[in-house]
Amino acid sequence: MIAQEIMARIDQSGNISLDTPLIVNKPSRVKLIVLFIEDELDEDDESKEAVLESLKTSLQEAKAGKVHPISELHDNLYPLRGKVIHYDDPTEPVALEDWECLQ
């Protein structure tokens, strides 16, 4: 199965209009999965304005020479590097009540 991602619009009658034509070698039958774009952002998502403001601030800091050594970034990416880790029965199943995130 080959997949193509393409944007489309659905009119009041439920008909789909593709924004651009599909790339096909020959006429064929297709399986269509419709993903609706939500108008509102998820609660966890930052707004576009907040992301843009953060990028502007970072750019201004970089231009002003307020940069951090790459070693600091590297240390923050791998906080467990060099730490001793021990797993007790790593292949044992975990009961639902043992998951902290579900409580």
Side-chain angles (χ1 to χ4, degrees):
M1 198 177 280
I2 297 172
Q4 290 186 33
E5 182 175 337
I6 190 166
M7 295 301 294
R9 300 186 188 289
I10 300 177
D11 64 18
Q12 297 287 34
S13 303
N15 296 315
I16 296 176
S17 263
L18 302 179
D19 291 349
T20 57
L22 290 172
I23 301 167
V24 295
N25 294 331
K26 61 181 181 177
S28 56
R29 187 166 168 79
V30 298
K31 179 178 183 178
L32 181 67
I33 299 173
V34 178
L35 302 174
F36 291 91
I37 298 174
E38 296 180 23
D39 291 336
E40 298 177 14
L41 295 172
D42 290 341
E43 292 177 13
D44 295 337
D45 290 345
E46 290 185 67
S47 69
K48 289 181 183 179
E49 292 80 16
V51 172
L52 183 59
E53 187 59 37
S54 175
L55 288 172
K56 286 180 181 178
T57 302
S58 297
L59 181 60
Q60 289 171 349
E61 288 176 358
K63 286 181 179 179
K66 297 179 184 176
V67 294
H68 301 281
I70 193 70
S71 61
E72 286 182 18
L73 175 64
H74 181 66
D75 293 342
N76 292 333
L77 287 176
Y78 305 103
L80 297 178
R81 181 170 277 169
K83 305 286 193 275
V84 177
I85 299 174
H86 176 75
Y87 295 102
D88 294 323
D89 297 323
T91 58
E92 272 305 298
V94 179
L96 284 177
E97 57 270 6
D98 292 337
W99 288 93
E100 293 174 2
C101 64
L102 297 178
Q103 305 201 11

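This chain uses plain numbering: 1 for the first residue, then up along the sequence. All heavy atoms count here, side chains included; hydrogens, waters and symmetry mates do not.
Leu59 forms part of no hydrophobic cluster, judged by ILVMFWY side-chain heavy-atom separations under 4.5 Å. Applying the under-4.5 Å side-chain rule to Ile, Leu, Val, Met, Phe, Trp and Tyr, the cluster around Val67 consists of that residue alone. Residue Ile33 belongs to a hydrophobic cluster whose other members are Leu35, with links defined by side-chain heavy atoms closer than 4.5 Å.
When atom types are taken as modelled, the side chain of Thr57 and the backbone of Glu53 share a donor-acceptor pair closer than 3.5 angstrom.
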For residues 3-24, please give each side-chain donor-acceptor pair under 3.5 Å, one per line with the distance, not counting sequence neighbours.
from: Gln4; atom 1: OE1; to: Ile23; atom 2: N; distance (Å): 3.3
from: Gln4; atom 1: NE2; to: Ile23; atom 2: O; distance (Å): 2.6
from: Asp11; atom 1: OD1; to: Ser13; atom 2: N; distance (Å): 3.0
from: Asp11; atom 1: OD1; to: Gly14; atom 2: N; distance (Å): 3.0
from: Asp11; atom 1: OD1; to: Asn15; atom 2: N; distance (Å): 2.8

